[in-house]
Engineer: 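Can you read through this structure? Questions will come right after.
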There are 2 protein chains.
Amino acid sequence: MGEDLTNQSDALRTESTTGILGYRLRRAQLSVFQRFLQVFEEMRLRPAEYSVLLLIDDNPGRKQTEIADALGIKRANFVTLVHALQARGFLERRAAAGDRRANALHLTGEGVQFLAAARARHEDMEQQLLSQLGGEASRNQLLALLDRLS
Amino acid sequence: MGEDLTNQSDALRTESTTGILGYRLRRAQLSVFQRFLQVFEEMRLRPAEYSVLLLIDDNPGRKQTEIADALGIKRANFVTLVHALQARGFLERRAAAGDRRANALHLTGEGVQFLAAARARHEDMEQQLLSQLGGEASRNQLLALLDRLS
DNA sequence: CAAACATTGTTATATTCCATAGCATTGGCT
DNA sequence: AGCCAATGCTATGGAATATAACAATGTTTG
């Protein structure tokens, strides 16, 4: 006999949470974002900012609200984002063609350059994630499954 | 000639973001959490709170820090969570057996009852997600892939 | 044993993200 | 002209998260 009375700090049972899709999704997303923050710490680039730069690069001249909507960001909160990126010289808010209310968003030369560097860095990160997932097939499957939840 | 000069608000190009794993993960996670918040609005239960109740139910008598660690919650922030659930009568903080600093967490009868109701509600939600994913096989595959990212 | 150190729960605080309300300016429509 | 919608913006609050510091207690070490 003689149970071990010394601080038996066993591992916890976690079966209940492992069955929850939302919980697992959150953990995975947090892990990926955490890595993003590390990788882009010295560039001082946040995930949302990166997505903004990408979208403007592919859609120059669009209005703030259009970009914000596409990213699921409230236009009120988008203002701060854009101003910060503008303050760093990465984008311009030009007067929109036929609408004096709207700002047409464009990347500056500096912004294009910065985005190129970010893209390279991000490419490496995606490559790491790819190898974690075990190949292109797994990655594509994951993306397809995620789409069904969105 | 004659391009259409009337506000041509075409769809934006989003290829750049669709290739980003983290972005897609975030959107899916947000979508699932959004639904959770809707489903549990009248029960006034947040995702984190639900996970706390589940974990205590499976591991009664554990210390706050143990539960918090398992969920990736800082113990400082965990205090508020626990106090709120205690204020609603769902759990108790009893004196831990051999440690006068620690609180041993236990569900109350009311807590068990509440958790049962939450579980039932959550079961329905998972069932919906399952059908969105297209079956058990897809769900299991998704969970496996998510694990490789965590 | 006494001293040094670690852990536990807690408070306070700052930051970031996200949502809502309201506003001035401008545009579109009737 | 008059009404309503859209656009960018400010202000503000809530929620999640991170850190620092603290008192009480436990653990380890000289």
Side-chain angles (χ1 to χ4, degrees), chain A residues 5-9 22-23 26-27 29-31 33-34 36-38 40-41 44-52 61-87 91-105, chain B residues 5-9 22-23 26-27 29-31 33-34 36-38 40-41 44-52 61-87 91-105:
Chain A
L5 291 184
T6 62
N7 217 349
Q8 68 1 322
S9 215
Y23 182 79
R26 173 173 164 270
R27 297 301 288 245
Q29 186 257 329
L30 243 61
S31 169
F33 263 51
Q34 211 53 40
F36 188 101
L37 292 178
Q38 278 180 20
F40 286 96
E41 190 180 14
R44 292 192 306 138
L45 189 66
R46 312 204 138 268
E49 293 174 328
Y50 182 50
S51 66
V52 169
R62 294 299 191 130
K63 299 187 265 185
Q64 288 189 192
T65 302
E66 289 181 300
I67 304 287
D69 282 351
L71 294 173
I73 302 176
K74 295 271 145 62
R75 70 184 194 283
N77 299 324
F78 195 64
V79 173
T80 317
L81 254 172
V82 166
H83 284 188
L85 291 172
Q86 186 184 26
L91 56 84
E92 291 173 349
R93 291 179 299 153
R94 304 187 192 152
D99 193 335
R100 270 183 296 173
R101 298 167 300 177
N103 296 331
L105 298 181
Chain B
L5 291 184
T6 62
N7 219 348
Q8 80 341 337
S9 214
Y23 182 79
R26 173 174 164 269
R27 297 302 289 246
Q29 186 257 328
L30 244 61
S31 169
F33 263 51
Q34 211 54 38
F36 188 103
L37 293 179
Q38 279 181 18
F40 286 95
E41 190 180 14
R44 294 191 306 137
L45 189 67
R46 310 204 140 267
E49 294 174 326
Y50 182 50
S51 66
V52 169
R62 294 299 192 129
K63 299 186 266 186
Q64 286 188 194
T65 302
E66 289 181 300
I67 303 288
D69 282 351
L71 294 173
I73 303 176
K74 294 270 146 56
R75 71 183 194 285
N77 300 324
F78 195 65
V79 172
T80 316
L81 254 172
V82 166
H83 284 188
L85 292 173
Q86 186 184 26
L91 55 84
E92 290 173 349
R93 291 179 297 152
R94 304 186 191 155
D99 193 333
R100 272 183 297 175
R101 298 168 301 178
N103 296 330
L105 299 180

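Any value given below was found using the heavy atoms of this structure, including those in side chains, with hydrogens, waters and symmetry copies removed. Convention: sequence-line order gives letters A, B, ...; per-chain numbering from 1.
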Engineer: With sequence neighbours left out, what residues match Arg94(B) under side chain to side chain contact (heavy atoms under 4.5 Å, CB included)?
Structural biologist: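 Side chain to side chain contact (heavy atoms under 4.5 Å, CB included) list for Arg94(B), sorted by chain: Glu92(B), His106(B).
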Engineer: Excluding sequence neighbours, so at least two apart, what forms side chain to side chain contact (heavy atoms under 4.5 Å, CB included) with Arg27(A)?
Structural biologist: Tyr23(A), Ser150(B)
Engineer: Once side chain to side chain contact (heavy atoms under 4.5 Å, CB included) is applied, do any residues pair with Val82(A), and if so which ones, sequence neighbours excluded?
Structural biologist: Gln64(A), Phe78(A), Leu91(A), Arg93(A), Leu105(A)
Engineer: So, taking the atom named CG in Asn77(A) and the one named CG in Leu71(A), what distance separates them when rounded to the nearest 0.5 Å?
Structural biologist: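 Rounded to the nearest 0.5 Å, the CG-CG separation comes to 12.5 Å.
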Engineer: Rounded at 0.5 Å granularity, tell me how far CD in Gln29(A) sits from CD in Gln29(B).
Structural biologist: 4.5 Å
Engineer: Taking atom C1' of dG8(D) as reference, at what distance in whole Å does atom CG of Asp69(A) sit?
Structural biologist: 13 Å
Engineer: Distance check, rounded to the nearest 0.5 Å: Ile67(B) atom CD1 versus Ser51(B) atom OG?
Structural biologist: 10.0 Å
Engineer: Between dT7(D), dG27(C), dG26(D), which one does the side chain of Arg100(B) approach most closely?
Structural biologist: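 Minimum distance to the Arg100(B) side chain belongs to dG26(D).
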Engineer: Between P on dC17(C) and CG on Leu81(A), what's the gap in Å once rounded to a whole number?
Structural biologist: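 These atoms are roughly 8 Å apart.
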Engineer: Quick test: give all pairs of protein nitrogen or oxygen and nucleotides 2-7 of chain C nitrogen or oxygen below 3.5 Å, distance rounded to 0.1 Å.
Structural biologist:
| residue | atom | partner | partner atom | Å |
| --- | --- | --- | --- | --- |
| dT7(C) | O2 | Arg101(B) | NH1 | 2.3 |

Engineer: Tell me whether the OP1 or OP2 atom of dA6(D) has a side-chain N or O from Thr65(A) closer than 4.0 Å.
Structural biologist: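 It does not, given that no N or O in the side chain of Thr65(A) lies less than 4.0 Å from OP1 or OP2 of dA6(D).
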Engineer: Going from CZ on Phe33(A) to CD on Gln38(A), what distance comes out if it is rounded to the nearest 0.5 angstrom?
Structural biologist: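 The CZ atom of Phe33(A) sits 14.0 Å away from the CD atom of Gln38(A).
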Engineer: Test side chain to side chain contact (heavy atoms under 4.5 Å, CB included) on Asn103(B) and Lys63(B) and set out the steps.
Structural biologist: CA-CA 5 Å; Asn103(B) 296 330; Lys63(B) 299 186 266 186; over 6 Å; no
Engineer: The criterion is ring-ring contact (aromatic ring centres under 6.0 Å, His included); which residues satisfy it with Phe40(B), sequence neighbours excluded?
Structural biologist: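 Scan of Phe40(B) (ring-ring contact (aromatic ring centres under 6.0 Å, His included), adjacent residues dropped) gives Phe36(B), Tyr50(B).
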Engineer: Quick one: Gln29(B) CD to dC18(C) P, roughly how many Å, whole number?
Structural biologist: 10 Å
Engineer: Assuming nearest nucleotide by heavy-atom distance, tell me which of Ala102(B) and Gln34(B) is located more 5' along DNA chain C.
Structural biologist: Ala102(B)
Engineer: Taking side chain as C-beta onward, heavy atoms only, is Arg46(B) less than 4.5 Å from Leu37(B)?
Structural biologist: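 Sidechains of Leu37(B) and Arg46(B): in contact.
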Engineer: Taking the minimum atom-to-atom distance to the side chain of Arg46(B), which one of dA16(D), dT16(C), dC18(C) wins?
Structural biologist: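 It is dA16(D).
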Engineer: Could you write out DNA chain C as dot-bracket? Rules: Watson-Crick or G-U wobble, both distances under 3.5 Å, brackets [ ] for crossings, | for pairs with another strand, dot for unpaired.
Structural biologist: ||||||||||||||||||||||||||||||
Engineer: Any protein N or O atoms within reach of nucleotides 10-14 of chain C? Criterion: under 3.5 Å, listing atom names and distances.
Structural biologist:
| residue | atom | partner | partner atom | Å |
| --- | --- | --- | --- | --- |
| dT10(C) | OP1 | His83(B) | NE2 | 3.3 |
| dT10(C) | OP1 | Arg93(B) | NH1 | 2.1 |
| dT10(C) | OP2 | Gln64(B) | OE1 | 3.0 |
| dT10(C) | OP2 | Gln64(B) | NE2 | 3.1 |
| dT10(C) | OP2 | Arg93(B) | NH1 | 3.4 |

Engineer: Using atom CZ of Phe78(A) as one end and atom C1' of dA19(C) as the other, report the distance to the nearest whole Å.
Structural biologist: 17 Å
Engineer: Mind calculating the distance between CG (Leu71(B)) and P (dA18(D)) to the nearest angstrom?
Structural biologist: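 Roughly 14 Å, once rounded to whole Å.
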Engineer: How many angstroms lie between CG in Leu85(A) and CG in Leu45(A), if you round to the nearest 0.5 Å?
Structural biologist: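 If we round to the nearest 0.5 Å, Leu85(A):CG and Leu45(A):CG are 7.5 Å apart.
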Engineer: Measure from CZ on Phe33(B) to C1' on dA19(C) and round the result to the nearest Å.
Structural biologist: 18 Å
Engineer: Take the protein atom NZ of Lys74(A) and the nucleotide atom C1' of dG22(C), then report the distance between them rounded to whole Å.
Structural biologist: 16 Å
Engineer: Mind checking side chain to side chain contact (heavy atoms under 4.5 Å, CB included) for Thr65(B) and listing every partner two or more places apart, or none if nothing turns up?
Structural biologist: Asp69(B), Arg75(B)
Engineer: Nearest whole angstrom, please: distance from the C1' of dT20(C) to the CD1 of Ile73(A).
Structural biologist: 17 Å
